[in-house]
Amino acid sequence: MRILSSDVKDHVGKTVHVQGWLHKKRLLGGLTFINVRDRRGLVQVVIKDKAEVEKLRGLQIGTVLTVDGKVVEEPRAPGGAELHDAVVTVLVPVTDEPPIEIDKPIGHKPENLDTLFEHRALNLRNLQEQKIFKIRASLLRYIREFLGKHEFVEIQTPKLLAGATEGGAEVFKLDYFGQEATLAQSPQLYKQMMVGAFERVFEIAPAFRAELSATTRHMSEVMMLDIEMGFVKDHDEVLDMVGDLTIDALRRTYKDHADDLKSLNAPELVVTDKVPKFSVAEIHELYTKATGNDTTEEKDLIPDEEKWICEYTKKQSGSELVYAVKFPIEAMKFYHQVNPEDPTTVLWGDLLFRGLEIATVPLREYRYDKLVEQMKAAGVDVEHPGYKYYLQAFKFGLPQHGGCGYGIDRLVQKTIGLKNVKEATLFPRDINRLAP
RNA sequence: GGGCUCGUAGUGAAGUGGUCUAUCACGCCUCCCUGUCACGGAGGAGAUCGCCGGUUCAAAUCCGGUCGGGCCCGCCA
C-alpha cells in the first residue's frame, strides 16, 4: 500500500512503499540521499547499497519511481524520519536534462517570466511555485463557501455569444458555422437574467478580452467571479456583501496558509471588519492635494491614484481594501443605475486591494423603460439577439439588483504580493502567448 | 495605438570598439567523498554573443532593419 510523504513519520520501524518523482540526488560516496516528491511534499531516502544507487545513474530529476524502505526516526532528516535499506524501482526513467531547474526556487524577475511560462509544466513541479496555486485553490473554496452560506446559486453561462456584449472591452470574434460569434468578455447579461430565477447567483468562469494591453495586470483570458443579487435596498448592501466576502476569504487564507504566505514573502494582512468607502471625487481631491498632480478632470481613477488611495487608507483606517464609489456619469455603462441623489454620478464602486482594482461593484438599472432608454442612448440595438432576451427578463419582472465582476487572478496576485498577474495564473494568455 | 527598454552555453548573469581564442554561477558528464538538505572537492563537455545588412584596420560592443521578450501609458469583464 502506498504511503504518502507526510505520513511516513507515522510508520517508524515498519517497511513502507512510497511513490513519486525523483526530486534531488546527493551522492556522498558510501552514502546517497535522494528526495522523492509526491503530492504532499518530499520524503528523504538514504541509500547505502551501491547496486541501488547504480539504478539511478544517468536518470534525471523527474524520474518516476517507487521506494520500499524501513522508516527510521532521525532528527537530522527533514520531517524527523527517513527511509533506510531502500529498494528503488524505476517506473518512468527520465534521461533528458530538464530545460530549467526545478528543485530550487525560481526567480520571478519580469524578464525571466517568459522562460518560466515556456516551461510551465516543469516549473510547477517546484514546491515553492506550487504554493501559489494551492493558495489560489483555497481562496476559491472560501469564496464558494461564503456565497453558499448566503444562498447564492452557482451557475454557468455561455461563453459563445451572438456578437453583442455589454460594451466596453474589445471582443474576440470567431466563425460560428458561417455566422460571426464572439467570446464572452463577461457573463453580465446572463447573470442579471438569472436574478429573475434565483435571486442570488454567482459564476466563476473565464472571460475573454481582446485589448492590446501589455501590462502586469492584464491578460487576454481572465478568471472572473461574477455575483448578482436581487431585492437589495441600496448600493451599500451590495458593496458590503462583496467587501465581507473578500475580508472573509483573505482572513481565512492568511490563517490557513500562514507558512506558505510567509515563505512567498507575502505582506502582512491589514484589514478591518468593513471596507472603507471614498467617492471618486473625494479621491481625486485628496490625491491632487497630496501630490500636486491634478486629476479632478479624470472620469476614472488613474493607476497611480489607485495605489495612492490604498496606501492612504491603510495608514488612516488600517485597511488595505478600499472602495472607490460614485463614478462620474461620463464613465457609465447602460446597465448602471444613476445615483438618484446626484445625477452626475452612477452607483458603481471599484474594490481596490493593495493598489489594484480587483472588482467592479455596481447597482443595476432594473426598471424596463429606464433601461431601454439608457440602452438607446448608448447606441445599443435593443432588437439584436444579444439584447432582446436580456430585456425580456426585465419586462417580466426583475427586482432592484446589483453585483460584481471580480478578478480572481488579481486577487491571488495581490494576496500573495506577486508583481505580475500572470504569476498567479497557471497558463497565462496575453497578447503574445497562446501556448502552453 | 504611443513611449521606453532588453536579447551572450540548458538556466541565470558579467563583459558596452582591440588583451574576447568570450567570464562567472547553477545544471549536465567523469572521478573522490558515510549525514547531506543551495552538500563539498578535482576534472570535463557545452555559445557561429537572436537574425540580416552597414560603419570600421578591428564589432558581443556602434548604426539601420527585422524577429522575439519586458515595463509604462492609453484602452479595459
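Nothing here was measured: the structure is a model prediction, and the numbers come from that model. Convention: sequence-line order gives letters A, B, ...; per-chain numbering from 1.
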Open item on the list: Please give the distance between the C1' atoms of B:G65 and B:U23 as a whole number of Å.
Closed with: 31 Å
Task: Aromatic ring pairing A:Phe152/A:Phe202, orientation class (parallel under 30°, perpendicular over 60°, tilted between) - done: perpendicular
- [ ] Scan A:Gln60 against the nucleic acid and name what it touches under 4.0 Å (heavy atoms): base, sugar-phosphate only, or nothing.
- [x] sugar-phosphate
Open item on the list: Strictly by Watson-Crick or wobble contacts shorter than 3.5 Å, is anything paired with B:C71, and which nucleotide is it?
Closed with: B:G3
Task: Nearest-0.5 Å distance, NZ of residue A:Lys414 to CZ of residue A:Phe353 - done: 8.5 Å
TODO: State, with a plain yes or no, whether a side-chain heavy atom of A:Leu264 is found less than 4.5 Å away from one of A:Gln128.
DONE: yes
Task: Side chain of A:Leu31 (C-beta onward), nearest among B:G69, B:U34, B:C37 - done: B:U34
Open item on the list: Could you tell me how far B:G44 sits from B:U36 if I compare only their P atoms? Round to whole Å.
Closed with: 28 Å
Open item on the list: At less than 4.0 Å, is any side-chain N or O atom of A:Thr360 found next to OP1 or OP2 of B:A77? Yes or no.
Closed with: no
Open item on the list: Categorize A:His218 for me: base, sugar-phosphate, or nothing, with a 4.0 angstrom heavy-atom threshold over every strand shown.
Closed with: base
Task: Complement of B:C49, any strand, by Watson-Crick or G-U distances under 3.5 angstrom - done: none
TODO: Can you tell me the distance, in whole Å, between the CG atom of A:Asp114 and the C1' atom of B:C71?
DONE: 14 Å
Task: B:G70 OP1/OP2 closer than 4.0 Å to side-chain N/O of A:Asn420 - done: no
- [ ] State, to 0.1 Å, how close A:Leu321 and A:Leu351 come at their nearest heavy-atom pair, and which atoms those are.
- [x] CD2-CD1, 4.1 Å
Open item on the list: Nearest whole Å is fine: how far is B:C76 C1' from A:Glu306 CD?
Closed with: 11 Å
Open item on the list: Students often mix this up, so state it plainly: with edges at 30° and 60°, are the rings of A:Tyr312 and A:Trp308 parallel, tilted or perpendicular?
Closed with: parallel
Open item on the list: Between B:C51 and B:G69, how many Å separate the two C1' atoms, rounded to a whole number?
Closed with: 15 Å
Open item on the list: What's A:Asp300 touching, base or sugar-phosphate or nothing? Going by heavy atoms closer than 4.0 Å.
Closed with: nothing
Task: Pair A:Glu129-A:Arg120, salt bridge (Lys or Arg N to Asp or Glu O under 4.0 Å): steps then yes or no - done: CA-CA 10 Å; A:Glu129 200 71 30; A:Arg120 197 57 153 160; 3.1 Å; yes
Task: Contact check, side chains of A:Phe208 and A:Gln185, non-hydrogen atoms, under 4.5 Å - done: no
Open item on the list: Tell me the interatomic distance from A:Leu183, atom CG, to B:C76, atom P, rounded to whole angstroms.
Closed with: 20 Å
- [ ] Consider the side chain of A:Lys109, meaning its heavy atoms from C-beta on, and name the nucleotide among B:A13, B:G10, B:G70 that approaches it most closely.
- [x] B:A13
Task: OP1 or OP2 of B:C31 under 4.0 Å from side-chain N/O of A:Arg57 - done: yes
Task: Whole angstrom value for the distance that separates C1' of B:C37 from CG of A:Leu22 - done: 14 Å
Task: Length of the CG-P vector between A:Leu42 and B:A38, whole Å - done: 12 Å
Task: Watson-Crick or G-U wobble partner of B:A38, both distances under 3.5 Å - done: none
Open item on the list: Tell me if the aromatic rings of A:Tyr142 and A:Phe146 count as close, with their centers under 6.0 Å from one another.
Closed with: no
- [ ] Determine the interatomic distance between C1' on B:G43 and the same-named atom on B:G54; round to the nearest Å.
- [x] 44 Å
Open item on the list: Rounding to an integer number of angstrom, what distance separates B:A58 and B:A14 when you compare their P atoms?
Closed with: 29 Å
Task: Atom-to-atom span, CD of A:Gln44 to C1' of B:A38 - whole angstrom - done: 15 Å
- [ ] Output, in order, the C-alpha distance, side-chain angles, deciding distance and verdict of salt bridge (Lys or Arg N to Asp or Glu O under 4.0 Å) for A:Lys314 and A:Glu311.
- [x] CA-CA 5 Å; A:Lys314 186 180 177 185; A:Glu311 280 163 27; over 6 Å; no
Task: Contact under 4.0 Å: A:Lys333 side-chain N or O vs B:A77 OP1/OP2 - done: yes
Open item on the list: If you assign each of A:Ala207 and A:Ala214 to its closest nucleotide in RNA chain B, which residue comes earlier from the 5' end?
Closed with: A:Ala214
Task: Sugar-phosphate only, base, or nothing, as touched by A:Asp304 at under 4.0 Å among non-hydrogen atoms - done: nothing
- [ ] Kindly compute the distance separating CZ (A:Arg367) from CD (A:Gln374), expressed to the nearest 0.5 Å.
- [x] 8.5 Å
Open item on the list: Suppose we call a contact any N or O donor and acceptor under 3.5 Å apart; does that hold for the side chain of A:Thr215 and the base of B:C72?
Closed with: no
Task: G-U wobble or Watson-Crick pairing nucleotide for B:C62 (cut-off 3.5 Å, both distances) - done: B:G54
TODO: Would you classify A:Pro78 as touching base, sugar-phosphate or nothing, given that sugar-phosphate means primed atoms plus P, OP1 and OP2, and contacts are heavy atoms under 4.0 Å?
DONE: base
Task: P spacing across the pair B:A13 / B:A9, given as an integer number of angstrom - done: 11 Å
- [ ] Using a heavy-atom cut-off of under 4.0 Å over every strand shown, decide if A:Glu82 touches base, sugar-phosphate, or nothing.
- [x] base
Open item on the list: If I pick the P atom on B:G7 and the same atom on B:G64, what distance separates them, to the nearest angstrom?
Closed with: 16 Å
Open item on the list: Tell me whether the side-chain N/O atoms of A:Lys24 come closer than 4.0 Å to OP1 or OP2 in B:C39.
Closed with: yes
Open item on the list: Closest-nucleotide mapping onto RNA chain B: is A:Pro187 or A:Arg433 further toward the 5' terminus? I mean the 5' end.
Closed with: A:Arg433
TODO: In sequence, state the C-alpha distance, the side-chain angles, and the governing distance for A:Asp103 and A:Arg37, and then conclude on salt bridge (Lys or Arg N to Asp or Glu O under 4.0 Å).
DONE: CA-CA 10 Å; A:Asp103 66 310; A:Arg37 174 180 65 88; over 6 Å; no
Open item on the list: Just to be sure I understand the rule, does A:Pro303 reach a base, reach only the sugar-phosphate, or reach nothing, if contact means heavy atoms closer than 4.0 Å?
Closed with: sugar-phosphate
Task: Atom-to-atom span, CG of A:Asn35 to P of B:U36 - whole angstrom - done: 14 Å
TODO: Compare the minimum distances between each of B:C37, B:G70, B:G27 and the side chain of A:Asn432, then state the nucleotide with the smallest one.
DONE: B:G70
- [ ] Confirm from the modelled atom types if A:Ser213 and B:G74 form a donor-acceptor pair under 3.5 Å, side chain to base only.
- [x] yes
Task: A:Asp409 and its salt bridge (Lys or Arg N to Asp or Glu O under 4.0 Å) partner, picked from A:Arg429, A:Arg136, A:Lys422 - done: A:Arg136
TODO: Would you kindly check whether a donor in the side chain of A:Glu111 faces an acceptor in the base of B:G12, or vice versa, at under 3.5 angstrom?
DONE: no
Task: Nearest-angstrom distance from the residue atom NZ of A:Lys50 to C1' of B:C33 - done: 10 Å
Between protein and nucleic acid, restricted to nucleotides 40-47 of chain B and to nitrogen or oxygen atoms under 3.5 Å apart, what atom pairs and distances do you find?
none

Open item on the list: Work out how far the P atom of B:A38 is from that of B:G27, and round it to whole angstrom.
Closed with: 12 Å
Open item on the list: Less than 4.0 angstrom between a side-chain N/O of A:Arg217 and OP1 or OP2 of B:C73, yes or no?
Closed with: yes
Task: B:G69 OP1/OP2 closer than 4.0 Å to side-chain N/O of A:Asn112 - done: no
- [ ] Would you indicate which nucleotide in B:G35, B:G27, B:G70 comes nearest to any side-chain atom of A:Leu28?
- [x] B:G35
TODO: For A:Thr115, answer base if it contacts any base atom (sugar-phosphate contacts may also be present), sugar-phosphate if it contacts only those atoms, and nothing otherwise; contact means non-hydrogen atoms under 4.0 Å.
DONE: sugar-phosphate
